[in-house]
Participant: 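Here it is, the structure, as C-alpha coordinates.
Scope of the values below: all heavy atoms of this structure, side chains included, with no hydrogens, waters or symmetry mates. First the proteins, then the strands, lettered A, B, ... as listed; each starts at 1.
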Amino acid sequence: MNYWLMKSEPTEFSIDDLENVDCEPWDGVRNYQVRNMLRDAMQIGDLAFFYHSNCKEKGIVGIMEIVTTGYPDSCAWDPKDKHYDPRSTEEKPLWYRVDVKFVKKFPQLISLNTLKAHPDLTELPLVKRGNRLSIMPISTPQWQTILTLC
DNA sequence: GCCAACGTTGGC
DNA sequence: GCCAACGTTGGC
(Lines give C-alpha, C1' and ligand atoms only; values in the text may rest on other atoms or scores of the structure.)
Protein backbone atom coordinates (compact mmCIF):
# COMPACT_ATOMS: atom_id res chain seq x y z
CA MET A 1 0.00 0.00 0.00
CA ASN A 2 1.51 3.26 -1.17
CA TYR A 3 0.61 6.92 -0.97
CA TRP A 4 0.81 9.34 -3.89
CA LEU A 5 0.13 12.88 -4.94
CA MET A 6 -1.30 13.42 -8.40
CA LYS A 7 -1.55 16.80 -10.11
CA SER A 8 -4.23 17.95 -12.47
CA GLU A 9 -5.13 21.33 -13.87
CA PRO A 10 -8.70 21.89 -12.68
CA THR A 11 -9.65 23.44 -16.02
CA GLU A 12 -8.79 20.06 -17.56
CA PHE A 13 -10.02 17.74 -14.83
CA SER A 14 -10.94 18.70 -11.27
CA ILE A 15 -11.92 16.93 -8.07
CA ASP A 16 -15.53 17.85 -8.82
CA ASP A 17 -15.29 16.13 -12.19
CA LEU A 18 -13.93 13.05 -10.42
CA GLU A 19 -16.77 13.07 -7.89
CA ASN A 20 -19.26 12.81 -10.72
CA VAL A 21 -17.89 9.66 -12.35
CA ASP A 22 -17.57 6.07 -11.17
CA CYS A 23 -13.90 5.94 -11.98
CA GLU A 24 -11.55 7.77 -14.28
CA PRO A 25 -8.55 6.71 -16.36
CA TRP A 26 -5.59 8.88 -15.40
CA ASP A 27 -4.23 9.15 -18.93
CA GLY A 28 -2.02 11.44 -20.95
CA VAL A 29 1.12 11.01 -18.85
CA ARG A 30 4.10 11.40 -21.19
CA ASN A 31 7.01 11.45 -18.80
CA TYR A 32 9.14 8.35 -18.25
CA GLN A 33 9.60 8.70 -14.50
CA VAL A 34 5.88 9.08 -14.01
CA ARG A 35 5.19 6.29 -16.50
CA ASN A 36 7.36 3.96 -14.44
CA MET A 37 5.39 4.77 -11.30
CA LEU A 38 2.10 4.11 -13.08
CA ARG A 39 3.34 0.89 -14.67
CA ASP A 40 5.45 -0.62 -11.91
CA ALA A 41 4.70 0.85 -8.51
CA MET A 42 1.01 1.61 -8.20
CA GLN A 43 -1.17 -0.99 -6.56
CA ILE A 44 -4.90 -1.43 -6.22
CA GLY A 45 -5.97 0.21 -2.98
CA ASP A 46 -3.22 2.84 -2.95
CA LEU A 47 -4.42 6.29 -1.95
CA ALA A 48 -3.50 9.57 -3.61
CA PHE A 49 -3.96 13.22 -2.85
CA PHE A 50 -5.62 15.12 -5.69
CA TYR A 51 -3.68 18.34 -6.34
CA HIS A 52 -4.96 21.27 -8.39
CA SER A 53 -2.07 22.84 -10.29
CA ASN A 54 -1.54 25.84 -12.54
CA CYS A 55 -4.57 27.72 -11.25
CA LYS A 56 -5.56 30.40 -8.75
CA GLU A 57 -6.32 28.07 -5.85
CA LYS A 58 -3.35 25.72 -5.91
CA GLY A 59 -3.32 22.90 -3.41
CA ILE A 60 -4.54 19.52 -2.30
CA VAL A 61 -8.30 19.26 -2.64
CA GLY A 62 -9.08 15.68 -1.69
CA ILE A 63 -8.26 12.00 -1.82
CA MET A 64 -8.72 9.32 -4.45
CA GLU A 65 -8.04 5.62 -4.64
CA ILE A 66 -6.11 3.68 -7.25
CA VAL A 67 -8.48 1.00 -8.57
CA THR A 68 -6.35 -0.68 -11.26
CA THR A 69 -2.71 -1.44 -11.70
CA GLY A 70 -0.95 0.16 -14.66
CA TYR A 71 -2.23 -0.76 -18.11
CA PRO A 72 -1.45 0.66 -21.57
CA ASP A 73 -2.67 4.19 -22.28
CA SER A 74 -4.65 3.71 -25.47
CA CYS A 75 -4.82 7.48 -26.01
CA ALA A 76 -1.30 7.21 -27.37
CA TRP A 77 -2.63 5.11 -30.27
CA ASP A 78 -5.30 7.57 -31.34
CA PRO A 79 -4.04 10.04 -33.97
CA LYS A 80 -6.82 12.43 -33.07
CA ASP A 81 -5.91 12.48 -29.39
CA LYS A 82 -4.00 15.37 -27.87
CA HIS A 83 -1.56 12.86 -26.35
CA TYR A 84 -1.09 10.77 -29.50
CA ASP A 85 2.37 9.24 -29.72
CA PRO A 86 3.11 7.13 -32.82
CA ARG A 87 6.01 5.40 -31.05
CA SER A 88 3.52 3.55 -28.86
CA THR A 89 1.73 0.54 -30.33
CA GLU A 90 -0.65 -2.08 -28.99
CA GLU A 91 2.11 -4.67 -29.35
CA LYS A 92 4.68 -2.48 -27.60
CA PRO A 93 2.91 0.12 -25.49
CA LEU A 94 5.08 3.00 -24.40
CA TRP A 95 2.71 4.82 -22.05
CA TYR A 96 0.59 3.60 -19.17
CA ARG A 97 -2.28 4.75 -17.00
CA VAL A 98 -4.23 3.65 -13.96
CA ASP A 99 -7.87 4.15 -13.07
CA VAL A 100 -8.73 6.24 -10.03
CA LYS A 101 -11.89 6.71 -8.02
CA PHE A 102 -13.17 9.52 -5.85
CA VAL A 103 -12.79 9.01 -2.09
CA LYS A 104 -13.35 12.41 -0.52
CA LYS A 105 -13.12 16.12 -1.06
CA PHE A 106 -11.69 18.20 1.77
CA PRO A 107 -13.95 20.89 3.25
CA GLN A 108 -11.29 23.38 2.20
CA LEU A 109 -8.16 23.04 0.17
CA ILE A 110 -4.72 22.63 1.71
CA SER A 111 -2.94 25.39 -0.14
CA LEU A 112 0.49 25.15 -1.69
CA ASN A 113 1.60 27.92 0.69
CA THR A 114 0.44 25.90 3.70
CA LEU A 115 2.35 22.87 2.47
CA LYS A 116 5.47 24.94 1.81
CA ALA A 117 5.34 26.50 5.25
CA HIS A 118 5.05 23.27 7.22
CA PRO A 119 8.34 22.29 8.91
CA ASP A 120 7.69 18.54 8.46
CA LEU A 121 7.06 18.79 4.73
CA THR A 122 10.30 20.31 3.47
CA GLU A 123 11.22 16.99 1.82
CA LEU A 124 7.93 16.75 -0.04
CA PRO A 125 8.87 16.66 -3.73
CA LEU A 126 6.00 19.03 -4.46
CA VAL A 127 7.58 21.92 -2.56
CA LYS A 128 11.09 21.27 -3.79
CA ARG A 129 12.50 23.66 -6.30
CA GLY A 130 12.28 22.62 -9.89
CA ASN A 131 10.14 19.57 -9.29
CA ARG A 132 7.96 18.91 -12.30
CA LEU A 133 6.63 15.41 -11.82
CA SER A 134 2.87 15.20 -12.15
CA ILE A 135 2.76 12.18 -9.86
CA MET A 136 5.00 11.69 -6.84
CA PRO A 137 5.26 9.26 -3.95
CA ILE A 138 4.33 10.46 -0.46
CA SER A 139 5.78 8.83 2.65
CA THR A 140 3.48 7.61 5.39
CA PRO A 141 4.60 10.34 7.84
CA GLN A 142 4.10 12.99 5.16
CA TRP A 143 0.67 11.60 4.37
CA GLN A 144 -0.33 11.73 8.02
CA THR A 145 1.05 15.23 8.47
CA ILE A 146 -0.92 16.48 5.49
CA LEU A 147 -4.10 14.86 6.80
CA THR A 148 -3.83 16.98 9.96
CA LEU A 149 -3.99 20.12 7.82
CA CYS A 150 -7.46 19.58 6.39
C1' DG B 1 28.14 9.91 -25.43
C1' DC B 2 28.17 15.00 -25.49
C1' DC B 3 25.61 19.00 -25.57
C1' DA B 4 22.93 22.81 -27.81
C1' DA B 5 18.40 23.68 -29.04
C1' DC B 6 13.92 23.17 -28.10
C1' DG B 7 9.59 21.97 -25.57
C1' DT B 8 6.95 21.61 -21.32
C1' DT B 9 5.64 22.42 -16.64
C1' DG B 10 3.85 25.25 -13.45
C1' DG B 11 4.59 29.01 -9.99
C1' DC B 12 4.47 33.77 -9.96
C1' DG C 1 2.70 36.43 -19.98
C1' DC C 2 7.23 35.55 -18.06
C1' DC C 3 10.70 32.54 -17.11
C1' DA C 4 13.38 29.01 -14.23
C1' DA C 5 14.02 24.34 -14.20
C1' DC C 6 14.60 20.38 -16.39
C1' DG C 7 13.31 16.59 -19.79
C1' DT C 8 13.87 15.29 -24.63
C1' DT C 9 15.74 15.36 -29.18
C1' DG C 10 19.02 14.98 -32.62
C1' DG C 11 23.41 16.36 -34.86
C1' DC C 12 27.99 15.31 -34.42
Participant: Rounded off to whole Å, could you give me the CZ-to-P distance for the A/Arg30 and B/dG7 pair?
Facilitator: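 Going from CZ in A/Arg30 over to P in B/dG7 covers 19 Å.
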
Participant: I'd like to know if A/Glu65 and A/Lys104 make a salt bridge, using a cut-off of under 4.0 Å between side-chain N and carboxylate O.
Facilitator: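 Answer for the salt bridge query: no.
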
Participant: Identify, between A/Arg129 and A/Arg87, the residue whose nearest nucleotide on DNA chain C lies closer to the 5' end.
Facilitator: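 Checking each residue's closest nucleotide, the 5'-ward one belongs to A/Arg129.
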
Participant: Where the side chain of A/Thr148 meets the backbone of A/Thr145, is there a donor-acceptor pair that is under 3.5 Å apart?
Facilitator: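 Pair found, side chain donor or acceptor close to backbone of A/Thr145.
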
Participant: Between P on B/dG10 and NZ on A/Lys56, what's the gap in Å once rounded to a whole number?
Facilitator: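 For the pair A/Lys56 NZ and B/dG10 P, the rounded distance is 20 Å.
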
Participant: Would you tell me if any nitrogen or oxygen in the side chain of A/Lys7 comes within less than 4.0 Å of OP1 or OP2 on B/dG10?
Facilitator: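 Answer yes for this pair, as a side-chain N or O of A/Lys7 is under 4.0 Å from OP1 or OP2.
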
Participant: Nearest whole Å is fine: how far is C/dC6 P from A/Met136 CE?
Facilitator: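 Between P of C/dC6 and CE of A/Met136: 13 Å.
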
Participant: So, is A/Tyr51 near the phosphate of B/dG11, with a side-chain N or O under 4.0 Å from OP1 or OP2?
Facilitator: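 It does, given that an N or O in the side chain of A/Tyr51 lies less than 4.0 Å from OP1 or OP2 of B/dG11.
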
Participant: Counting neighbours of CG on A/Asp40 that are heavy atoms of other residues, nucleotides or ligands and sit closer than 6.0 Å, is the number greater than 12?
Facilitator: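 Yes, CG of A/Asp40 has more than 12 neighbouring heavy atoms, counting only those of other groups under 6.0 Å.
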
Participant: Do A/Thr89 and A/Trp77 have a side chain donor and acceptor closer than 3.5 Å?
Facilitator: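 There is no such pair between these side chains.
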
Participant: Please give, in whole Å, the distance from C/dA5 P to A/Lys128 NZ?
Facilitator: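 After rounding, the reported distance stands at 15 Å.
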
Participant: With a 4.0 Å cut-off on heavy atoms, is A/Arg35 in touch with a base, just the backbone sugar-phosphate, or nothing at all?
Facilitator: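 No contact at all - A/Arg35 keeps every heavy atom at 4.0 Å or more from the nucleic acid.
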
Participant: Rounded to the nearest Å, what distance is computed from the NE2 atom of residue A/His52 to the P atom of nucleotide B/dG11?
Facilitator: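 These atoms are roughly 12 Å apart.
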
Participant: Quiz question: by atom type and distance under 3.5 Å, do the side chains of A/Thr69 and A/Arg39 form a donor-acceptor pair?
Facilitator: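 Result is no, nothing qualifies.
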
Participant: Using a distance-only criterion (donor-acceptor N/O pair, under 3.5 Å, no hydrogens), is the base of B/dT8 paired with the side chain of A/Arg132?
Facilitator: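 Counting by modelled atom types and ignoring angles, a donor-acceptor contact under 3.5 Å is found here.
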
Participant: If each of A/Asn54 and A/Leu133 is mapped to the nucleotide of DNA chain C with the nearest heavy atom, which maps nearer the 5' terminus, i.e. the 5' end?
Facilitator: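 Its nearest nucleotide being more 5', the pick is A/Asn54.
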
Participant: Rounded to whole Å, please give me the gap between CG in A/Leu126 and C1' in B/dG11.
Facilitator: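 So the CG-C1' distance, A/Leu126 to B/dG11, works out to 11 Å.
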
Participant: Which whole-number value in Å describes the distance from A/Lys116 NZ to B/dG10 P?
Facilitator: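 After rounding, the gap between these two atoms is 13 Å.
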
Participant: Send over the distance from A/Asn31 CG to C/dA5 P, rounded to a whole Å.
Facilitator: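 Spelled out: CG on A/Asn31 to P on C/dA5 is 18 Å.
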
